Amino acid sequence: MEVWVTDACNLRCKGCWFFEHDMDKQSVEIRDLDTIRAFAEDLRDSKKITSTLLIGGEPALVLDRVRVFAETIRNVTVVTNGTRPIPYDGLEDLAIAVSLWGGGPVDDELRGHGPNGRRMSGLFGKALRTYAGDPRATWVYTLSEAGMPYLERTVEAIAGNGNQINFGYYSDNGTDPSARLRNEERAIEEMTRMRETYPDTVIGHPYYFRTLVTGRTHWGTFGGETCPSISNDHPAHARRLTEGHPIVGRFNAYRTDHSVQYCATTGDCDNCRDSQAVWSWLLVNMHRFLGDRDQLNTWVTLAEQFYRQYYWSSFHPARQAAPAQSAVGA
């Protein structure tokens, strides 16, 4: 499940789908902890949910709500902008996804905006200090055209900080998706090179990088009809449940009033390249990778890399005495 735990945030990042689509105005935020706990318990007991992604807004502003989910759901991941620390006490097993846009000075250019319009700087450095040596933290590093010159030095800094990286893809909401990166091949090559140069830091696989950047696989194109990260209980998706493309079973995204949101983001499918949705698209289509041994090995490696990003997963490096071997080809 995905749960929006607050509509509040201390940043107004350029291109943020949550605020640029007025998602914070579409529900009345539930603040009562007993109500939130009952909701989390229902997810666990009635819907048999074992993994929940908490987003906002900025979840680090409402740590009491985060703790409710951490005490209730087995595996919890929190998405944060990195400006506020998420403490260890009682939250030792959380997975933390730290946002980073572009890298270098581009990160402050895109994310360094307060709700009152005040400019901020040094966000990346502050987050590095906050999560130095924290094995829970995986940076979600969204690439952009302007940020490409700063790619390697940013990856190097995160590697030195003792964290991991999962690449995402940045573009302003409302822009032509085909114009996101002028040189797609260079972006794919550079992500692959970072994976090869910093294998203990960079999560991914060349197949994922190509899919993320181009939106294409060997069988189809990412979009509204193929994205698997749709809310199963939303009436708009009734057909997909029975006769459409594969979906993430039992997945729902919940707004801050616990109503069901259309999908994991906004429903603006033409402008979406959500990294977790792209990962899920590859994984729910395992049947597309059964043509030969190499294809299956690719899928298994993709699955292992996907789960590596979560601190609560057995595939996370901190949970293993030795690096995991692929089940195929071992």
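This is a predicted model, so every value here is computed, not measured.
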TODO: Kindly compute the distance separating CG (Leu282) from CH2 (Trp299), expressed to the nearest 0.5 Å.
DONE: 10.5 Å
Task: Spacing of Arg288 atom CZ and Leu296 atom CG [to the nearest 0.5 Å] - done: 15.5 Å
TODO: State the OG1-CG distance between Thr154 and Asp107, to the nearest 0.5 angstrom.
DONE: 8.5 Å
Task: Residues Arg239, Glu225; criterion salt bridge (Lys or Arg N to Asp or Glu O under 4.0 Å); working and verdict - done: CA-CA 11 Å; Arg239 184 186 63 82; Glu225 284 297 310; 2.9 Å; yes
Task: Within the 6.0 Å centroid threshold, strictly below: Phe124 and Trp139 - done: yes
Open item on the list: Closer than 4.0 angstrom, basic N to acidic O: yes or no for Arg37 and Glu71?
Closed with: yes
TODO: Give the intermediate values and the outcome of salt bridge (Lys or Arg N to Asp or Glu O under 4.0 Å) for residues Glu189 and Arg210.
DONE: CA-CA 9 Å; Glu189 290 170 2; Arg210 182 165 294 279; over 6 Å; no
Task: Reported CZ-to-CD distance for the pair Phe18 and Gln26, which is rounded to 0.5 angstrom - done: 8.5 Å
TODO: For residues Cys9 and Pro115, report the shortest heavy-atom separation together with the two atoms involved.
DONE: O-CG, 3.4 Å
Task: Heavy-atom side-chain proximity of Val76 to Trp312 below 4.5 angstrom - done: no
Task: Thr221 side chain near Thr226 side chain, heavy-atom distance below 4.5 Å - done: no
TODO: Might you point out which heavy atoms bring Ala60 and Arg84 nearest each other, and give the distance in Å?
DONE: CB-CB, 3.7 Å
Open item on the list: Could you tell me if the side chain of Ile165 sits less than 4.5 Å from the side chain of Ile203, heavy atoms only?
Closed with: no
TODO: Kindly indicate, with the supporting measurements, whether the criterion side-chain contact (heavy atoms from CB on, under 4.5 Å) is fulfilled by Ile30 and Ile36.
DONE: CA-CA 7 Å; Ile30 293 176; Ile36 294 171; 4.0 Å; yes
Open item on the list: Looking at Arg193, I'd like to know if its CZ atom is crowded, meaning that more than 12 non-hydrogen atoms belonging to other residues, nucleotides or ligands lie closer than 6.0 Å.
Closed with: yes
Task: Hphob cluster co-occupancy, Val3 + Ile86, side-chain heavy atoms under 4.5 angstrom - done: yes
Open item on the list: Within the supplied structure, the quantity of interest is the number of heavy atoms (other residues, nucleotides, ligands) at a distance under 6.0 Å from Tyr307 OH; does it exceed 12?
Closed with: no
Open item on the list: Minimum heavy-atom separation for Lys14 and Trp101, please, with both atom names.
Closed with: O-CZ3, 2.9 Å
- [ ] Determine, for Arg255 against Asp257, whether the closest basic-nitrogen to carboxylate-oxygen distance falls under 4.0 angstrom.
- [x] no
Open item on the list: Are Val202 and Ile158 linked, directly or through intermediate hydrophobic residues, by side-chain heavy-atom contacts shorter than 4.5 Å (ILVMFWY only)?
Closed with: yes
Open item on the list: If hydrophobic clusters are built by linking Ile, Leu, Val, Met, Phe, Trp and Tyr wherever their side-chain heavy atoms come under 4.5 Å apart, do Val140 and Ile188 end up in the same one?
Closed with: no
Open item on the list: Regarding Thr256 and Asp7, do their side chains bring together a donor and an acceptor under 3.5 Å, going by distance alone?
Closed with: yes
Open item on the list: When you measure from the side chain of Arg273 to the backbone of Val213, do you find a donor-acceptor pair of N or O atoms at a distance under 3.5 Å?
Closed with: yes
TODO: Answer with yes or no after comparing the ring centroid distance for Tyr310 and Phe315 against a 6.0 Å cut-off, counting only values under it.
DONE: no
Open item on the list: Working to the nearest 0.5 angstrom, can you tell me the gap between Leu110 CG and Ser144 OG?
Closed with: 6.0 Å
Open item on the list: With side-chain contact (heavy atoms from CB on, under 4.5 Å) as the criterion, how do Met191 and Glu196 come out once you've worked through the C-alpha distance, each side chain's angles and the decisive distance to 0.1 Å?
Closed with: CA-CA 9 Å; Met191 282 189 280; Glu196 294 170 349; over 6 Å; no
TODO: From the options Leu61, Leu63, Val62, select the one residue that forms a side chain to side chain contact (heavy atoms under 4.5 Å, CB included) with Arg65.
DONE: Val62
Task: Aromatic plane relationship, Tyr207 with His205 - under 30° parallel, 30 to 60° tilted, over 60° perpendicular - done: tilted
Open item on the list: Quick one, Phe19 and Asp24 - any side-chain contact, counting heavy atoms below 4.5 Å?
Closed with: yes
Task: Separation of Asn232 CG from Leu241 CG (nearest 0.5 Å) - done: 5.5 Å
Task: Phe289 and His218 aromatic ring geometry - parallel, tilted or perpendicular at 30°/60° bounds - done: perpendicular
TODO: Take Tyr88 and Asp134 through the side-chain hydrogen bond (donor to acceptor under 3.5 Å, both in side chains) test and state the conclusion after the steps.
DONE: CA-CA 9 Å; Tyr88 272 95; Asp134 191 334; 2.9 Å; yes
Open item on the list: Would a single hydrophobic cluster contain both Leu212 and Met148, if residues Ile, Leu, Val, Met, Phe, Trp and Tyr are joined by side-chain heavy-atom contacts under 4.5 Å?
Closed with: yes
Open item on the list: Quick check: do Cys263 and Ser229 have side-chain heavy atoms less than 4.5 Å from each other?
Closed with: no
Task: Main-chain N/O of Phe209 paired to Thr192 side chain as donor or acceptor, under 3.5 Å - done: no
Task: Side chains of Asp233 and Ser231, donor plus acceptor under 3.5 Å - done: no
Open item on the list: Could you walk me through whether Thr217 and Trp281 satisfy the side-chain hydrogen bond (donor to acceptor under 3.5 Å, both in side chains) test, starting with their C-alpha distance in whole Å, then the side-chain angles of each, then the deciding distance to 0.1 Å, before giving a yes or no?
Closed with: CA-CA 10 Å; Thr217 57; Trp281 183 40; 5.7 Å; no
TODO: Apply the test side-chain contact (heavy atoms from CB on, under 4.5 Å) to residues Trp4 and Ile55: give CA-CA distance (whole Å), side-chain angles for both, the deciding distance (0.1 Å), then the verdict.
DONE: CA-CA 5 Å; Trp4 306 353; Ile55 68 170; 3.1 Å; yes
- [ ] Kindly determine whether Ile49 and Arg44 satisfy side-chain contact (heavy atoms from CB on, under 4.5 Å), including the steps that lead there.
- [x] CA-CA 5 Å; Ile49 297 303; Arg44 179 195 65 196; 5.8 Å; no
Task: Hydrophobic cluster membership, Leu43 vs Val78, 4.5 Å side-chain cutoff - done: yes
TODO: Report the relative orientation of the aromatic rings in Tyr208 and Trp279; use parallel for angles under 30°, tilted for 30 to 60°, perpendicular for over 60°.
DONE: parallel
TODO: Among Val155, Asn183, Leu151, find the one that has a side chain to side chain contact (heavy atoms under 4.5 Å, CB included) with Glu190.
DONE: Leu151
Open item on the list: So does Arg31 get a backbone contact from the side chain of Thr35, meaning a donor-acceptor N/O pair under 3.5 Å?
Closed with: no
Task: Residues Thr80 and Glu58: side-chain donor-acceptor under 3.5 angstrom - done: yes
Task: Side-chain heavy-atom pair Asn166, Tyr141 within 4.5 angstrom cut-off - done: no
Task: Heavy-atom donor-acceptor pair, Gln295 side chain to Gly291 backbone, under 3.5 Å - done: yes
Task: Qualifying residue, where the test is salt bridge (Lys or Arg N to Asp or Glu O under 4.0 Å) with Asp93 and the options are Arg319, Arg136, Arg74 - done: Arg319
Open item on the list: With no hydrogens and no angle check, just 3.5 Å: does a side-chain donor-acceptor pair link Thr83 and Asn10?
Closed with: yes
Open item on the list: Would you say Tyr198 and Asp200 are linked by a side-chain donor-acceptor pair, where the criterion is simply a distance under 3.5 Å?
Closed with: no
Task: Exam field: side chain Asp274 to backbone Thr265, donor-acceptor pair closer than 3.5 Å - done: no
Task: Phe167 side chain near Ser275 side chain, heavy-atom distance below 4.5 Å - done: no
Task: Note: Lys47-Glu41 ion pair, threshold 4.0 Å (strictly below) - done: no
Open item on the list: With a 4.5 Å cut-off on side-chain heavy atoms, are His245 and Arg240 touching?
Closed with: yes
Open item on the list: Closer than 4.0 angstrom, basic N to acidic O: yes or no for Arg67 and Asp64?
Closed with: no
